[in-house]
Protein chains: 2
Amino acid sequence: MKGITSRVQDYLRVIYELSISGKRVRLVQLSKILGIKMPTAVQMLRSLDNQGLVIYEKHEMIKLTPEGEKVAKEVHNKHNLLLKFLTRYLGVSPKIAEKDACGMEHHLSEETYRRLLKFIEFMEGCPSGLPKWLEGFHYYLTWEKRPTKRVGKDVAILPLKNLNEVEPGEVGKVVVVKVNPDERLKLAEQGILIGSTVKVIEKKEKYIVLNVNGKIVQLDRRKVDSVYVI
Amino acid sequence: MKGITSRVQDYLRVIYELSISGKRVRLVQLSKILGIKMPTAVQMLRSLDNQGLVIYEKHEMIKLTPEGEKVAKEVHNKHNLLLKFLTRYLGVSPKIAEKDACGMEHHLSEETYRRLLKFIEFMEGCPSGLPKWLEGFHYYLTWEKRPTKRVGKDVAILPLKNLNEVEPGEVGKVVVVKVNPDERLKLAEQGILIGSTVKVIEKKEKYIVLNVNGKIVQLDRRKVDSVYVI
DNA sequence: ATATTTTATTAGGTTAACCTAATCGACAAT
DNA sequence: ATTGTCGATTAGGTTAACCTAATAAAATAT
């Protein structure tokens, strides 16, 4: 009955990701991203249309039906969750993590998905900004031995990101603010303090626009340079 | 060139697992375990033989070639690692974890495998027997909120196993010994103390035979009842 | 020794997902 | 208006992995 194979999920996810990034979805792009030839894509698209997952008429743009979008979103979520876990917690490089997530997303049960989600939720909800063991673990990954005492504050082994490197649309959690107390206070007044979650809205050459707990904040990019997120 | 598809890996892993458990490997079992019909298995086996991964002659028992065994072992290791992570850390139920691991094992890159291995190594090498966050996390999974203080000692939310439930051949790490100090001391003299790794060798009705750091120990099963491992 | 059951094999399909080669349609540039 | 290019399509394959139905071989029971 259900023909929602792994591959079908891939197609739907890619269509979804292209469409939410505002681009109109054409066959060429799809086939480029999925690494297949166009005739294959045509066939698949027709089959997806028959299954009621996409709307596809000859020479027209590709759209997801509500049902197709539902499936696509699920896969997309699983993909992102795995990606986050692999890069931020295991410290896998983005490229490899992407490939792994791509393969594993189809085999992540609801149960495991929920638990992995909780795992990340739990770690991100950590009152000290970043769970302690994570530092220790990344020390261990680098030096092949357990940290003897407390890991130093600026041992840069964690896969932290400078807030300036976060792309518009993405979300980060502030874990390090490397700046003098005065500046730190100013940032804190804007809501940028350890543990807070920020979403990047727009990046210009001189300033960056953020959403900090619902409040829109505009900051100098040089100042933002000392803010690290995960 | 390489025809080592996911499915081929599945076949090799199952053959490997059957053969290390001492059973002679026949087609019927293979097809039962893999959920396929026998003619399919025959075809596949012939193809595996051609690729030099197994030795298979008509009506004969199935054996892995050294190369086939190498592949099988790799997959087997990935499978077990995922299984461990899912059950012991995320607390996924064994059945679901098994299915998930089965699907994901083929898509786990070397890099990610190594890091996940390190993760578990790091957590198991924890001097206090069990990382603290894990208790907190499992509390969070159960109650949907962070533990306020220290999680109580016998909040049985962790996926612990009674040592009596560990099957021969399996390994466990002692994390809880629920018994009076006297008995605890006696067990400690045998090497059974928090943090030590034990392998179950044999289980009889009255006693259990363990390998504790290379030493063979025989213990009353009633006493073992108070030992929990992960 | 023969009958029965279990295990394995052949023969002849199907399906999903891919491919190449060739053609078609729409639009832009000359 | 013609030509070229890009994108889409058709036609006609291939391959891996599965299947059913029928048959054969091996093992076991009578």
Side-chain angles (χ1 to χ4, degrees), chain A residues 1-15 18-19 23-64 68 71-72 75 99 102-107, chain B residues 1-15 18-19 23-64 68 71-72 75 99 102-107:
Chain A
M1 191 114 272
K2 273 189 214 171
I4 302 187
T5 62
S6 294
R7 213 52 184 136
V8 165
Q9 289 175 25
D10 280 334
Y11 279 81
L12 294 176
R13 178 172 59 77
V14 172
I15 295 170
L18 282 173
S19 60
K23 287 164 200 154
R24 292 188 313 159
V25 188
R26 309 186 131 262
L27 271 174
V28 233
Q29 321 199 43
L30 250 192
S31 41
K32 231 170 241 163
I33 294 172
L34 288 164
I36 52 171
K37 292 292 145 75
M38 285 180 55
T40 308
V42 175
Q43 265 179 249
M44 183 56 112
L45 265 285
R46 240 206 295 281
S47 148
L48 292 178
D49 185 291
N50 284 340
Q51 287 175 75
L53 296 167
V54 309
I55 294 164
Y56 180 63
E57 311 258 343
K58 273 189 191 184
H59 296 279
E60 294 297 317
M61 292 300 134
I62 301 151
K63 272 184 195 165
L64 291 169
V71 176
V75 184
K99 245 182 71 185
C102 239
M104 302 201 289
E105 65 194 10
H106 314 295
H107 304 95
Chain B
M1 190 111 270
K2 273 190 213 169
I4 302 186
T5 62
S6 294
R7 213 53 183 134
V8 165
Q9 289 175 26
D10 281 333
Y11 279 83
L12 294 176
R13 177 172 60 76
V14 172
I15 295 169
L18 282 173
S19 60
K23 287 164 200 156
R24 293 188 313 160
V25 188
R26 309 185 129 264
L27 271 174
V28 233
Q29 320 198 45
L30 251 191
S31 42
K32 230 169 241 165
I33 294 171
L34 288 163
I36 52 171
K37 293 291 144 77
M38 285 180 55
T40 308
V42 175
Q43 267 180 247
M44 182 57 111
L45 266 285
R46 241 206 294 281
S47 147
L48 292 178
D49 185 291
N50 285 339
Q51 288 176 75
L53 295 167
V54 308
I55 294 165
Y56 180 62
E57 312 256 343
K58 275 188 190 183
H59 297 280
E60 294 298 316
M61 293 299 135
I62 301 152
K63 272 183 196 165
L64 291 170
V71 175
V75 184
K99 245 183 71 186
C102 239
M104 302 202 289
E105 65 194 10
H106 314 294
H107 303 96

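Numbered from 1 within each chain, the chains take letters A, B, ... in sequence-line order.
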Nearest-Å distance for atom pair [atom1]/[atom2], residues [X] and [N]:
X	N	atom1	atom2	result
B:K37	D:dA21	NZ	P	10 Å
B:L45	C:dT9	CG	P	8 Å
A:L48	C:dC18	CG	P	11 Å
B:I62	C:dT7	CD1	C1'	11 Å
A:H106	C:dA17	NE2	P	11 Å
B:L30	D:dC18	CG	C1'	15 Å
A:K32	D:dA8	NZ	C1'	14 Å
A:E57	D:dT9	CD	C1'	15 Å

Open item on the list: Taking A:R7 first and then A:D10, would you say they form a salt bridge - that is, a charged N and a carboxylate O separated by under 4.0 Å?
Closed with: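 Yes, this pair counts.
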TODO: From the options B:I62, B:L18, B:V14, select the one residue that forms a side chain to side chain contact (heavy atoms under 4.5 Å, CB included) with B:Q29.
DONE: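 The side chain to side chain contact (heavy atoms under 4.5 Å, CB included) with B:Q29 is passed solely by B:L18 among B:I62, B:L18, B:V14.
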Task: From A:L53, A:V54, A:T40, residue fulfilling side chain to side chain contact (heavy atoms under 4.5 Å, CB included) relative to A:L45 - done: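 Single side chain to side chain contact (heavy atoms under 4.5 Å, CB included) partner of A:L45 among A:L53, A:V54, A:T40: A:V54.
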Out of [options], which has the shortest distance to the side chain of [X]?
X	options	answer
A:H59	C:dT7, C:dG25, D:dT20	C:dG25
A:M38	D:dG12, D:dT9, C:dT7	D:dT9
B:T40	C:dT9, D:dA8, D:dC18	D:dC18
A:Y56	D:dA8, D:dC19, C:dA8	D:dA8
B:T5	D:dA17, D:dG7, D:dT9	D:dA17
A:I36	C:dC19, C:dA11, C:dG25	C:dC19
A:V8	D:dC18, D:dT10, C:dA17	C:dA17
B:R46	D:dA8, C:dT10, C:dC19	C:dT10

Please check the phosphate of [N] (OP1 and OP2 only) for any side-chain N or O of [X] closer than 4.0 Å.
X	N	value
B:R7	D:dA16	no
B:Y11	D:dC18	yes
A:K58	D:dT10	yes

Open item on the list: For a quick test of reading the model, state the closest non-hydrogen atom pair linking B:L12 to B:G68 and the distance between them.
Closed with: CD1-O, 4.2 Å
Open item on the list: With nearest nucleotide decided by heavy atoms, which residue, B:Q43 or A:Q43, maps closer to the 5′ end of DNA chain C?
Closed with: B:Q43
Open item on the list: Aromatic contact between A:H107 and B:H107, with the criterion being ring centroids under 6.0 Å apart: yes or no?
Closed with: yes
TODO: Would you please say whether a donor-acceptor pair under 3.5 Å links the side chains of B:S47 and B:Q51?
DONE: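 Distance-only check passes for B:S47 and B:Q51.
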- [ ] Quick one: label A:V42 by what it contacts on the DNA or RNA (base, sugar-phosphate, nothing), any heavy atom closer than 4.0 Å.
- [x] base
